[in-house]
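Right, one structure below, let's go through it.
Counting starts at 1 for both ligands and their atoms, in listed order.
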Amino acid sequence: MSIFFPFDNSYARLGTGFSAAQAPVKVSAPRLIAINRALAADLNIALGADEEMAQIFGGNALPGGAQPIAQAYAGHQFGGFSPQLGDGRAVLLGEVLDKKGQRRDIQLKGSGPTPFSRNGDGRAWLGPVLREYVLSEAMHAMGIPTTRALAAVSTGDAVHRQEGALPGAVLTRVAASHLRVGTFQFFAARQNIPALRQLYDYTRARHYPEAQSPGDLLRAVIERQATLVAEWLGVGFIHGVMNTDNTALSGETIDYGPCAFLDVWHPQTVYSSIDRNGRYAYDNQARIIVWNMAQFASALIPLMEDQDSAITDFTEAVHAMPAVIEAEWLRIFGAKLGLANPFEEDRALIDDLLRLMQEAEVDFTNTFRALARPDASDTFAEIAGFAAWHVRWQARLAREDKWRVRMNAANPAFIPRNHRIEEMIAAAVDGDFSPFRRLLDVLSRPYTDQPGAADLTQPPAPHEVVRATFCGT
Ligand code: AMP
Ligand code: MG
C-alpha cells in the first residue's frame with residue numbers, strides 16, 4: 001500500500017492486556033460515501049485517490065504505519081456492570097499528531113468482529129454510520145467537544161438486523177482518545193493494579209499532564225464532563241446511552257447511538273428505544289454523569305495508598321459536581337438569553353421561559369433563535385404568559401450590551417432534526433446521498449441564518465415527529 005499515515009501508536013505500545021491485535025475484516029465492494037478533507041489536512045494525512053481511500057476506510061487495506069487493535073474495556077450498561085465489553089465492532093488503526101500537536105485516534109467502526117464482539121457481527125449498517133457522521137460533525141460545528149467523522153464507506157455487503165437485510169457501511173472516527181470510564185473499570189474490576197497504574201499514567205500524560213494524582217485526574221475529568229453535559233442541555237441533545245463505557249475521559253461526546261435533539265423542551269424526553277425507564281432522559285443526563293463520575297472515582301481508589309482518606313476526598317469531588325453543572329448550565333442558558341454574566345437570580349427567568357415553552361409546546365431551538373429577533377414579542381404574542389415574561393427579560397437586558405450577537409452565537413439556527421436525519425437515511429438507502437450532503441453542508445454553519453435552507457429549520461409536522469431512535473447494532 002502506497003498510502004502512509006504518520007502514525008505513532010502509543011496505545012498499542014501499552015501491551016497486550018489493553019487491547020487485542022485485530023485487522024479490519026475485508027468487505028466486498030467498498031465505495032467512498034464521504035471524506036472529510038479539512039479534517040484529514042488537520043490530521044496531517046495526505047489522501048490518495050478515492051478508490052484507494054475507499055479500500056483503506058472500508059478496511060480492505062491498511063495504510064502504512066497502522067497497527068490495528070481492538071481496545072478492552074468494561075462498563076456499567078443501564079446501571080448494571082459488564083466486566084467485559086471492549087471494541088466489538090471497531091478497530092483503532094493508530095494515532096497521529098494533528099496540526100496543533102494533539103494526539104488523535106483514527107478508528108474504523110463497523111469493521112468486522114473482534115475478540116470482544118460477544119454475539120455481535122462486528123458490522124454497522126448505513127443508517128447509524130451516516131447518523132453519527134452528521135451528528136458528530138454538527139456537534140463540532142456547534143462548538144461542543146466531540147469525536148469527529150473522517151470518512152464513510154459503503155461496503156457492498158448486507159448487514160442483517162431485525163428490520164431485515166440492510167446496506168453495510170464503515171465509519172472512520174477520530175477521537176482525542178478512546179479512553180473511557182469503562183477502561184479504568186476493566187482493570188479495577190480485575191484488581192490488576194499494575195495495569196491500572198499504567199493506564200492512569202497514560203491518561204494523565206495524554207490528557208491531563210497537570211494532574212499530580214488520581215484525585216487531580218478525577219477532578220479534571222469531572223470538570224470537563226460537567227461542561228460537556230451542560231452544553232448538551234443547551235442545544236437539546238439527548239445522548240441516549242450514557243453508559244460508563246460511553247463516557248470519554250477526554251470530555252468529548254462519544255458513541256453516537258440512539259441519540260437525538262429534542263423538538264419541544266420537556267425535561268423527561270426520551271427517544272432511545274432501549275431506554276425503557278428513561279434512565280438517560282434529557283434532564284437526567286446531569287444526574288447520570290455524576291453517577292458515572294462516581295464509578296470512575298471507585299475505579300481510581302485501588303491506586304491510592306491511603307484508601308480511606310481517598311474515599312473521603314473523591315466523594316467530596318463527586319458531591320461537588322452537581323453545583324459545577326448548575327453553574328455551567330446557568331452560564332450556557334444565560335448566554336442563550338443574551339446574558340454575559342448571569343446571576344443566580346437569573347435562573348428563575350430561564351426556568352420560567354422553559355416552562356412557558358413546554359406548556360405551549362413550541363420548538364426549543366427556534367424559540368431561542370427567534371428571541372433575538374426585533375419582532376420577538378409579536379412572534380410569541382399568542383403564548384400565554386409570554387408578554388409578562390418578555391417585560392422581565394427586557395428589563396434584565398438593560399444591563400447587557402451586544403446581547404443579540406451573544407444570543408446568535410449561543411442559539412443554533414440549525415440542529416440535526418430527527419425527522420431530517422430519518423429522511424436523510426431513507427434517501428441514502430435508496431442510493432440518494434444528496435440530503436446527507438446538504439445536511440452536512442448546512443449544519444457546518446449552525447449559527448448562520450441560511451435563507452436557502454429555511455426548510456431545515458422547520459419543526460416536524462405532526463406526522464413527521466420521530467418518537468423513537470434505535471442504536472442499529
Ligand atoms: P454501544 O452501547 O453501542 O457503545 O455498544 C456497547 C458494546 O456492544 C460495545 O462493546 C460494542 O463494541 C458492542 N457492540 C455494539 N454493536 C456491535 C456489533 N454489531 N457487533 C459486535 N459488538 C457490538
Ligand atoms: Mg459504546
Side-chain angles (χ1 to χ4, degrees), residues 18-20 22-25 27 59 68-92 105 107-129 131-133 135-136 146-147 149 155 157-171 173-186 189 225 238-250 252-260 270-276 279-280 285 288-289 292 295-296 469-473:
F18 292 84
S19 58
Q22 176 65 58
V25 178
V27 300
I69 54 171
Q71 290 173 299
Y73 52 84
H76 276 94
Q77 300 181 298
F78 292 92
F81 187 62
S82 304
Q84 172 83 60
L85 293 169
D87 292 332
R89 55 167 163 166
V91 293
L92 178 63
D105 279 5
Q107 190 200 59
L108 301 187
K109 193 170 167 183
S111 51
T114 77
F116 306 111
S117 295
R118 296 171 294 158
N119 298 321
D121 61 0
R123 290 295 174 191
W125 75 275
L126 188 61
V129 166
R131 187 184 178 81
E132 175 157 354
Y133 200 118
L135 265 73
S136 63
T146 176
T147 61
T155 61
D157 296 317
V159 170
H160 300 279
R161 295 287 180 265
Q162 236 168 359
E163 305 91 305
L166 297 161
V170 177
L171 176 77
R173 167 163 88 177
V174 175
S177 83
H178 286 84
L179 294 164
R180 306 151 188 273
V181 169
T183 318
F184 276 76
Q185 291 182 294
F186 181 86
Q225 284 292 339
I238 305 164
H239 182 286
V241 204
M242 282 178 72
N243 293 336
T244 57
D245 51 300
N246 294 335
T247 299
L249 299 179
S250 64
E252 287 183 340
T253 309
I254 198 168
D255 281 5
Y256 290 80
C259 51
V270 178
Y271 288 99
S272 168
S273 57
I274 54 174
D275 190 5
R276 297 225 164 72
R279 179 181 171 89
Y280 302 135
Q285 298 183 113
I288 285 295
I289 196 58
N292 287 358
Q295 305 315 312
F296 182 41
T469 52
F470 301 87
C471 43
T473 57

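The backbone N or O of Pro258 lies less than 3.5 Å from a partner atom in the side chain of Thr469, making a donor-acceptor pair.
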Problem - Pair Thr147-Tyr256, side-chain hydrogen bond (donor to acceptor under 3.5 Å, both in side chains): steps then yes or no - result: CA-CA 9 Å; Thr147 61; Tyr256 290 80; 5.2 Å; no

Exercise for the section: Evaluate side chain to side chain contact (heavy atoms under 4.5 Å, CB included) for Leu171 paired with Leu108, printing each intermediate quantity in order. Expected result: CA-CA 6 Å; Leu171 176 77; Leu108 301 187; over 6 Å; no

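Backbone or side-chain N, O or S atoms of Asn243 do not reach the Mg ion (ligand 2) at under 2.8 Å. With a cut-off of 2.8 Å, the Mg ion (ligand 2) has an N, O or S atom of Asp255 in range.
In this structure, the side chains of Asp87 and Gln107 come closer than 4.5 Å at one or more pairs of heavy atoms. Looking only at side-chain heavy atoms (C-beta outward), Thr247 and Phe296 stay at 4.5 Å or farther from each other. Taking the side chain as every heavy atom from C-beta outward, Arg180 and Asn246 approach each other to under 4.5 Å.
A heavy-atom cutoff of 4.0 Å around ligand 1 is satisfied by the protein residues Tyr73, Gln77, Leu85, Gly86, Asp87, Gly88, Arg89, Ser117, Arg118, Gly120, Asp121, Gly122, Arg123, Arg161, Asn246, Asp255, Thr473.
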Donor-acceptor pairs under 3.5 angstrom involving side-chain atoms of residues 70-81: please list them, not counting sequence neighbours.
residue	atom	partner	partner atom	Å
Tyr73	OH	Gly86	O	3.3
His76	ND1	Gln185	NE2	2.9
Gln77	OE1	Ser82	OG	3.0

